[in-house]
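Inspection log for the structure reproduced underneath, given as structure tokens.
The structure presented is a predicted model; accordingly, all values stated were derived computationally and were not measured.
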Amino acid sequence: MLSQVKKLMDPTARAEIGARFGAWWDGRDYVPGAEGDEPGAETHSNAPVADAADHAAEPSAQAEKPRTTGSSAGHAIKGAGLTPRLKALETLWGEGAFGPASTDLQDHLFDAVFEGDLTAGDIGFIGADPALITACRARTGGGLFASEWRSGCVDRIEALAPDVTVSFSDLDRSKSLGAGPLRALVSVDAFAYADHKAGLVARAYRMIADKGRWVFLETVKHTKKAPSEAFASAWAEPQLTTEIDIEETLDLAGFAVLERVDVTQQVLEAAHAAFAQLPGLLDQTAGAEGRDGALFLRELSWEIQSWRARMRALEGGALQVFMWVVEKGHDAGAEPAAKTEAPGLTAEMSAPEVDTPVQAEPEELEADAEDDDAGPLDQGAIDSLFD
């Protein structure tokens, strides 16, 4: 890896790496140009590149220089205290961003959060990056509270969103956010990484005020196992489930599904826009030196390679990203409201048929008579599962 860093300092080698990456991105083999040609010149070939797994053994060859799809594109990442991991993510996706996002996707999410009488009150976040949280600040004057489960991310949120109260806790045992119930809760891929999804839902139910909303973005699978190469750079081993299982858990807890929208294409467009800037960002990371520089390039190459595999899975239908809008306060087991589906979804990938809800064991569902807001999934029973 260190040898690759040294090569990046050589303009000729840097141009060649850029040409190699361009060929890889376009889906063709790299064939060097004739001797005497300009650095980085190549003879084009239409032969397909190998799968992502074949490239995983040589990540530094794709350690190019990314940036985001948002307003921070083209600007240096601020914060000398950034770890190599966070610096790599923000180089690719933008300052304060840990994954692909776009203004359109953010607007869609916050339009659902602040619809109707939800324009006032406190907002909570689970697993949201600083970019999403600060975007929310522009839409509300209420209190903002964040629960973070990824080590190292708490400091970054506090640095970029100093007026947000941040707590560190497990996904399925998120601490209460704020002094009172939230008017809305926003989460990103919380189900995807939570081991105990019923615990996650029960905690969310307790945090939200009656008739309050939970708006969340989630990646779901349509295969028996999530493609491992698509999550090689993830924060933890993914625990992906299906949209059907998510909605059964929500219904059992007492949440009504108001809307479910397929946002896969928006995520793909944001990722493609960020990747399109990689060649032009080569020079910005060419000066990476020392151990931290090598680690940064390694993290960056892993993120690039992993997201290339994830994009293939999203485009092929193995994975899908939905935005859910759910409301607290309905009878468990009642028929859910109609959902909004993206055009063109097959029957297997669209709204599930309404079946009799899967019943949990009695000890998991024993109601707490003194807690009117506990919902059918009693918190005491949930906590006991971890003891």
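Counting only distance, with no hydrogens or angles, the side chain of E218 and the backbone of A190 share a donor-acceptor pair below 3.5 Å. Remark: side-chain polar atoms of T83 are paired, donor with acceptor, to backbone N or O of L86 under 3.5 angstrom. The main-chain N or O of V325 is never found under 3.5 Å from a side-chain atom of E259 such that the two would form a donor-acceptor pair. D129 contributes a side-chain N or O that, together with a main-chain N or O of F98, makes up a donor-acceptor pair within less than 3.5 Å. With hydrogens and angles disregarded, no donor-acceptor distance shorter than 3.5 Å links the side chain of S306 to the backbone of E303. Put simply, the side chain of T140 never gets that close to the backbone of C136: no donor and acceptor are under 3.5 Å apart.
Between A204 and L185, the shortest heavy-atom distance links the atoms CB-CD2, 3.7 Å. Residue L160 comes nearest to G96 through the heavy atom pair CD1-CA, 3.5 Å, listed as atom of the first residue, atom of the second, then distance. When all heavy atoms are compared, the tightest approach of A253 to V201 is CB-CG1, 3.3 Å. Heavy-atom minimum distance, A192 versus L240: CB-CD2, 3.4 Å. The nearest pair of heavy atoms linking S301 to R298 is OG-O, 2.8 Å. Here the shortest heavy-atom pairing between I246 and T241 reads CG1-CG2, 3.6 Å.
Evaluation of the side chain to side chain contact (heavy atoms under 4.5 Å, CB included) rule for T134 yields A161 as partners, not counting sequence neighbours. Listed by chain and residue number, E148 satisfy the salt bridge (charged side-chain N to carboxylate O under 4.0 Å, His left out) test with R150 (two or more places apart in sequence, or in another chain). With sequence neighbours excluded, the residues satisfying side-chain hydrogen bond (donor to acceptor under 3.5 Å, both in side chains) with T264 are D262.
Both tests do not hold together for R308 against F275: distance to the six-membered ring centre under 6.0 Å, angle to the ring axis within 45°.
Ring-centre distance between F231 and W302: not below the 6.0 Å cut-off.
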Problem set entry | Stepwise side chain to side chain contact (heavy atoms under 4.5 Å, CB included) check, E247 with W324 | CA-CA 10 Å; E247 292 187 2; W324 269 273; 2.8 Å; yes
For this session: Could you check I208 against R213 for side chain to side chain contact (heavy atoms under 4.5 Å, CB included), going step by step and ending with a plain yes or no?
Result: CA-CA 7 Å; I208 302 173; R213 285 188 174 182; over 6 Å; no
Exercise. Please walk me through it: do D111 and R139 pass salt bridge (Lys or Arg N to Asp or Glu O under 4.0 Å)?
Worked result: CA-CA 10 Å; D111 285 347; R139 300 279 294 262; 2.9 Å; yes
Exercise. Would F125 and S147 satisfy side chain to side chain contact (heavy atoms under 4.5 Å, CB included), going step by step from the backbone distance to the final call?
Worked result: CA-CA 6 Å; F125 294 87; S147 176; over 6 Å; no
For this session: Take I123 and V113 through the test side chain to side chain contact (heavy atoms under 4.5 Å, CB included) and record every step on the way to the result.
Result: CA-CA 9 Å; I123 308 295; V113 170; 4.1 Å; yes
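A salt bridge between R137 and D163 is present, with a side-chain N of the basic residue lying under 4.0 Å from a carboxylate O of the acidic one. One finds no salt bridge joining R310 and E229 here, because no Lys/Arg side-chain nitrogen approaches an Asp/Glu carboxylate oxygen to under 4.0 Å.
Between E299 and K87, every side-chain heavy-atom pair lies at or beyond the 4.5 Å cut-off. The closest side-chain heavy-atom distance from V215 to M323 is below 4.5 Å. Using a 4.5 Å cut-off on side-chain heavy atoms (C-beta onward), Q106 and L132 make contact. Contact of the F216 side chain with the I126 side chain is not registered, since no non-hydrogen atoms from C-beta on lie closer than 4.5 Å. With a 4.5 Å cut-off on side-chain heavy atoms, Q266 and H108 count as touching. Looking at heavy atoms from C-beta onward, D189 lies out of side-chain contact with L217 at the 4.5 angstrom threshold. Contact annotation: the side chain of K211 never approaches that of K328 to less than 4.5 Å [non-hydrogen atoms, C-beta and beyond]. With contacts defined as side-chain heavy-atom distances shorter than 4.5 Å, the pair I304/L278 qualifies.
Donor-acceptor pairing under 3.5 Å is lacking for the side chains of W214 and E327. Using a 3.5 Å distance cut-off with no hydrogens or angles, the side chains of W149 and S169 do not pair a donor with an acceptor.
How far CZ of R312 is from CG of L319: 13.0 Å, rounded to the nearest 0.5 Å. Here the CZ-CG distance, from R203 to L177, works out to 11.0 Å after rounding to the nearest 0.5 Å. Within the model, atoms NE2 of H196 and CG of D170 stand 12.0 Å from one another, a figure rounded to the nearest 0.5 Å.
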